[in-house]
Amino acid sequence: MINSWVNSAEILGSDLPLELSGTGNRRALLMDALREAVRSGRLAPGTRLPPYRSLAADLGLARNTVADAYAELVAEGWLAARQGSGTRVAERAVPVTPVHRPRTPERAARPVHDLVQGQPDPSVFPRTAWLASARRALAAAPDDAFGPGDPHGRPELRRALAGYLARVRGVRAAPERIVLCSGAAHGLRLLAEVVGGPWAAEEYGLPFHRALLASHGVGTRPLGVDADGARVDGLTRRDRAVLLTPAHQFPTGGPLHPARRAAVVDWARATGGLVVEDDYDGEFRYDRQPVGAVQGLDPEHVVLMGSVSKSLSPTLRIGWMVLPQRLVGPVVTAKGEREQFSSATEQLTLADFVESGAYDRQVRRMRQRHRRRRDQLVAALERRAPHIRVTGIAAGLHAVLELPPGTERSAVRAAAWQGLAVEGLADYLHPGAGQAEPAEDFRDGLVVGYATPAESAYPEALEALCRALPPE
C-alpha cells in the first residue's frame, strides 16, 4: 500500500492527504483516490489541482500515469481542464456529498454483471424483421382486428401457432384448441381458477409460479427430482394437476425420461388429472435430438403452455395454451369477454413473423449464440475451476454448477462481492421439500444464466464467476 501526502499550497492552501491504497494499476489507484476526495468534499468544486508533473513527483509516479488519470477524470466529468487555467474540480450545481448505504454480505453493491437465468440479451431482438412483419400485418389486417378483442386471441396467430407447434414440438392441436394469453403466469392463473387444487409440482421450480397458484387458492406439494426429471410415481388421485417442465427440467436440466412421460400420461388418464406442461425453452437444444412435447401423447389430458419471452423478448406479452377440448370454454369464460392483456396488433405481427419464416430464423440464430455462450462457460470452468461439475447444458439458457456440500450460500455471497448477480439452487427449492430428503444430485449449486450479458461483457462476467467459486 502507498500512503502519500501531497504538499500543495496550490490546492487548498494546506497539505491534502491523498491516499493511494492497494496494489495494482497506479493510474486506477490515483483516479479512485481523487474521486473519493471529491465525493467527501475534501476537494471542493472549482479547486485547482497541481500540475501533473508536480503531482507525479510528489507521489513517485510516472508523468504519463498522472496525465492519463487527469484526462480520464475530465472525460468522466469529475475534473475540468481549460487552456491557461490548469485542471480543476468540475463545478456542480449541488455539492457532492458522500452517500452512505449499508453494505450487506449478500449484496455489497449494484451488480456489474448479470448471470441470473431467464432473459435473453435485449440487444439481439430482431428489430428489422419485426418491423417488416408489423407493416405487412397492419396492411393486411381485417377491420375487426381494431375492434373489441376476442378472448380466444386472434385467429391468424392461433393458425400460425398450430402449424408451428405441430412441426417443431410435435403438438397435436387445431387452432380452436389454442387460447392466447400474456404468458405462462397468466395461463397459470386461468388454469388455477378453472381446475382448482391441489396440484403437484417439481420440487425445484420457479417460486413465482408456486406463489401465483397459492394466491388463487391452489396449494402445491413437491415431487422429487433426479437426473431423469420429476419422480412422477409420487402422484396420487388427490392431485388435480401436476406442473412439469418435461423438455428441460427447470432449473436442474435434463428431459423427463420416456418411461416417466408415459407414466404421467397414464396417471392423468386413470385419475382424470391434468398435466400442465411448461414448455419454457423447448426450442433451445444443442447436443441432443429434439424432444417432442408430452402433449402429443394425449391432447385430452395435457395442457401445453408456451410464450415468446425466451425466444424474442419478455416485453412481448404473448403466450399460448394448447388445451384439451373440455377446457377451452371454461378457460375462455375465465379470461373474460374481451381480451385485456395481449395487443391484437402484436398478435398479428407475431402471426406474420411465424408464417414468414422469420421466427425460425431467429430461433436458429439464438440457438447458435446460446450454444457459443454455453461453450465459453464450460471452457472457462475447465480452465479455472476443473473441480466444478456443470450439468443441464444440453438445452436451455442456463446451466447448473454443482458445488461442494455447504458452499452454496458462501459462493452466492462471493459472487455479490465480485459484482455478479447469480442465484443459488436452493432459491428454487419448494418449501415443502424439507419434509423429505432433497434430490441427491442437486444439493448445492449455482444456477448460471448465460443468455443475458452483452457480448463484450460476457468474458469478464465469467471471470468474476470463476473467482467466486469455492476452491478444490
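Start at 1 with the first residue, then count along the sequence.
- With no hydrogens or angles considered, a side-chain donor-acceptor pair links S311 and Y359 at under 3.5 Å.
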query = Going through the distances and angles, do L297 and V302 end up as a side-chain contact (heavy atoms from CB on, under 4.5 Å)?
reply = CA-CA 8 Å; L297 298 178; V302 182; over 6 Å; no
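- Side-chain atoms of Q249 and T252 form a donor-acceptor pair, as typed in the model, at a separation below 3.5 Å.
- In the displayed structure, R127 atom CZ is contacted under 6.0 Å by at most 12 heavy atoms of other residues, nucleotides or ligands.
- Side-chain N or O atoms of S133 include none that pairs as donor or acceptor with a backbone N or O of W130 at under 3.5 Å.
- Within the model, atoms CZ of R154 and CG of L350 stand 13.5 Å from one another, a figure rounded to the nearest 0.5 Å.
- Of the residues listed (L243, T220, V218, L188), the one engaging R210 in a side-chain contact (heavy atoms from CB on, under 4.5 Å) is T220, and it is the only one.
- One distance of note links CD of E346 with OG of S182; it measures 11.5 Å at 0.5 Å rounding.
- Between the CG atom of L165 and the CD1 atom of I178 there is a distance of 6.0 Å, given to the nearest 0.5 Å.
- The pair R365-D360 does not count as a salt bridge, with every side-chain nitrogen at least 4.0 angstrom from each carboxylate oxygen.
- In this structure, E463 pairs ionically with R383, as a charged nitrogen and a carboxylate oxygen lie closer than 4.0 Å.
- No side-chain donor-acceptor contact under 3.5 Å links E402 to the backbone of G445.
- Using a distance-only test at 3.5 Å, with no hydrogens or angles considered, a donor-acceptor pair links the side chain of Y458 to the main chain of R373.
- Remark: D228 does not engage R261 in a salt bridge, criterion side-chain N to carboxylate O under 4.0 Å.
- Using a 4.0 Å cut-off between a side-chain N of Lys or Arg and a carboxylate O of Asp or Glu, R260 and D226 qualify as a salt bridge.
- A salt bridge links D32 to R35: one of the charged nitrogens lies within less than 4.0 Å of a carboxylate oxygen.
- To the nearest 0.5 Å, atom CG of residue L256 and atom OG1 of residue T245 are 8.5 Å apart.
- Within a 6.0 Å radius of CZ in R135, no more than 12 heavy atoms belonging to other residues, nucleotides or ligands are found.
- Taking 4.5 Å as the limit, every side-chain heavy atom of V275 sits out of range of all side-chain heavy atoms of V303.
- Looking only at distances, a side-chain donor or acceptor of Q295 sits under 3.5 Å from a matching main-chain atom of R172.
- Side-chain contact, E300 with Q325: no donor N or O sits under 3.5 Å from an acceptor N or O.
- Between Y280 and H398, the angle of the ring planes stays under 30°, which puts this pair in the parallel group of the 30/60° scheme.
- Between the side chains of T236 and D239, a donor-acceptor pair is found at a separation under 3.5 Å.
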request  = For side-chain contact (heavy atoms from CB on, under 4.5 Å), just list the numbers for M305 and C181, CA-CA rounded to whole Å, side-chain angles, deciding distance to a tenth of an Å, and then say yes or no.
outcome  = CA-CA 10 Å; M305 296 195 311; C181 54; over 6 Å; no
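- Put simply, the side chain of V179 does not reach to within 4.5 Å of the side chain of L327, judged on heavy atoms.
- Residue-environment remark: CZ (R237) stays at or below the threshold of 12 foreign heavy atoms within 6.0 Å.
- Counting heavy-atom neighbours within 6.0 Å of R238 CZ, excluding the residue itself, gives a total of 12 or less.
- Ion pair R369/E455 flagged as a salt bridge, since at least one NZ, NE, NH1 or NH2 atom sits closer than 4.0 Å to an Asp/Glu carboxylate oxygen.
- At least one donor-acceptor pair closer than 3.5 Å links the side chain of H430 to the backbone N or O of G432.
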